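I have placed the structure first, in the form of structure tokens, so that the comments after it can refer back to it.
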Number of protein chains: 2
Amino acid sequence: MRARFTLADIQQHALAIVDRDGLVGLTMRSLAGSLQTGAMTLYNYVDSREALEELVVDAVSALVEIPEPTDDWLADTRAVATALWRTFRAHPAAIPLVLTRRTSSRASLAPAEALAAALARGGLDGVDLFVAFRTVSAFVMGIAQNELAGRLSHEKDPASAAQRIEGLTQGVLPTLAELAPIGAAFTGQEFERGLTIILNGIQRTPRPASSRRTPHV
Amino acid sequence: MRARFTLADIQQHALAIVDRDGLVGLTMRSLAGSLQTGAMTLYNYVDSREALEELVVDAVSALVEIPEPTDDWLADTRAVATALWRTFRAHPAAIPLVLTRRTSSRASLAPAEALAAALARGGLDGVDLFVAFRTVSAFVMGIAQNELAGRLSHEKDPASAAQRIEGLTQGVLPTLAELAPIGAAFTGQEFERGLTIILNGIQRTPRPASSRRTPHV
DNA sequence: GTCAGATACGTACGCCGTACCTAAGTCAGG
DNA sequence: CCTGACTTAGGTACGGCGTACGTATCTGAC
């Protein structure tokens with residue numbers, strides 16, 4: 001028999017289901033239904049549910065629009081991080097998958113390579129490059145999780161989180177009480193400004209003597 | 001009938017199962033077995049599987065050893081972040097839960113309050129405080145996920161990740177190829193050094209005019 | 001034309017979360 | 001010391017999940 005589907009078909013339908021119905025909506029049967037076939041047919045393309053999820057991670061990673069390098073490594077680093085952030089924003093339900101799986105496929109490593117390369121163009125290498133790379137990517141992952149994936153399980157009230165915190169907060173958690181309304185009013189710029197903090201930190205953190213090799217910017 | 005269990009009993013057994021068998025090992029039946037009772041009995045204490053998971057998040061959050069404030073806000077911020085990191089390291093299998101749920105319980109907000117309070121003691125307030133808080137916590141969450149939760153699904157080979165990447169990497173991902181062996185040899189300090197980068201960035205990032213209220217350190 | 005290999009997909013099993021129900025233990029008011 | 005209202009224990013059962021297994025069907029090489 002000729003193969004009816006391609007992996008790309010499966011990725012596309014699976015991601016569409018995740019976007020529409022969330023992670024719980026993606027089951028072998030629901031995906032099979034979307035492809036108008038039987039659940040077991042999928043096992044001709046995919047080893048397991050687990051492998052299917054890696055395929056979704058790949059599909060999401062492939063959507064990251066990696067920018068062309070310029071001669072400004074700072075702007076490039078920003079651009080790669082922002083491209084990741086935009087993709088996460090477009091597919092928030094898939095974030096837990098992206099954060100959890102270690103695919104090591106080409107598609108999922110390409111954004112990491114672009115990020116590391118941009119930082120390397122800034123003069124970082126060795127352990128310093130590694131640390132900077134890890135820091136930026138941890139920030140992007142973490143804030144995606146906090147900002148985007150959190151909203152999925154919300155009840156209905158858009159600002160209910162802030163209100164719930166305020167309710168719990170009376171006097172016991174004074175700093176959070178101050179922060180909650182600010183956060184509610186401020187959505188959207190924290191990624192950009194947090195990234196600025198990190199990039200400034202990368203530029204202005206002296207390297208320990210043990211890891212110094214070449215002078216950097 | 002007298003209640004046989006307390007919520008604390010349930011939290012403790014559930015967390016023990018997660019630590020031993022991973023998230024997939026935690027089912028209503030396995031937890032009931034651990035408590036020597038029937039699965040349905042748990043529903044007298046917990047509304048649903050979802051609520052049970054929030055209880056686990058609470059249990060993990062309660063284990064964070066929040067340090068006493070000193071007069072050094074930088075050291076305090078470091079100490080809170082490190083306490084979170086230590087807790088995550090002790091319970092890596094629970095990290096996806098902690099990152100995914102938005103509990104808003106007292107226990108889970110206490111570390112956040114301590115972190116925000118330490119940053120506030122550094123002179124930050126308003127939007128700047130919010131951004132700094134989000135940046136640090138996103139970093140902690142992100143690096144916990146990357147460093148710790150990733151290992152769970154590894155095959156057996158301890159350094160297999162680096163090798164797999166190197167295999168895929170031949171010429172196509174040169175920067176990652178350079179980074180992979182460094183990362184493998186360097187485990188353990190990236191949290192500390194990444195945090196340094198961020199704290200330096202917080203101190204040395206000028207606030208935009210729009211959010212300037214009081215001069216800060 | 002035939003046959004080997006790939007592909008489609010139905011059936012069925014064990015495990016999951018949990019709705020529903022009944023039995024058993026607890027305790028207050030008489 | 002009853003008794004009845006209430007709380008908790010926990011069994012049964014159902015639908016949905018991932019998927020092992022088997023079989024039917026199509027395709028291309030010779």
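Reckoned from all heavy atoms, side chains included, excluding hydrogens, waters and symmetry mates. All chains are named by letter (A, B, ...) in the order of the sequence lines, taking the proteins before the strands, and each is independently numbered beginning at 1. None of the values given here were measured: they were computed from a predicted structure.
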By nearest-nucleotide position on DNA chain C, the 5'-leaning member of B/Arg49 and A/Gly38 is A/Gly38
Tell me whether the OP1 or OP2 atom of [N] has a side-chain N or O from [X] closer than 4.0 Å.
{"X": "B/Tyr43", "N": "C/dG17", "answer": "no"}
{"X": "A/Arg4", "N": "C/dC9", "answer": "yes"}
{"X": "A/Asn44", "N": "C/dT7", "answer": "no"}
{"X": "A/Thr37", "N": "C/dA8", "answer": "no"}
{"X": "A/Thr41", "N": "C/dA8", "answer": "no"}

For atom [atom1] of [X] and atom [atom2] of [N], their distance in whole Å:
{"X": "A/Leu42", "N": "D/dC17", "atom1": "CG", "atom2": "P", "value": "13 Å"}
{"X": "B/Tyr45", "N": "D/dA9", "atom1": "OH", "atom2": "P", "value": "3 Å"}
{"X": "A/Leu31", "N": "D/dT19", "atom1": "CG", "atom2": "P", "value": "13 Å"}
{"X": "B/Leu35", "N": "D/dG10", "atom1": "CG", "atom2": "C1'", "value": "13 Å"}
{"X": "B/Met40", "N": "C/dA23", "atom1": "CE", "atom2": "P", "value": "17 Å"}

Quick note, side-chain hydrogen bond (donor to acceptor under 3.5 Å, both in side chains) partners involving residues 85-94 of chain B, not counting sequence neighbours, are B/Asp19-B/His91
Polar side chain donor-acceptor pair, [X] to [Y], under 3.5 angstrom:
{"X": "B/Asp58", "Y": "B/Ser61", "answer": "no"}
{"X": "A/Thr205", "Y": "B/Arg193", "answer": "no"}
{"X": "B/Arg121", "Y": "B/Thr77", "answer": "no"}

Any salt bridge between B/Glu50 and B/Arg101, counting N to O under 4.0 Å? yes
Looking only at C/dA8, D/dG11, D/dC17, the nucleotide nearest the A/Thr27 side chain is D/dC17
Quick note, A/Met28 side chain, CB onward, closest among D/dG18, C/dG10, C/dA19 is D/dG18
Ignoring hydrogens and geometry beyond distance, is the side chain of A/Arg29 in donor-acceptor contact with the base of D/dG16 at under 3.5 Å? no
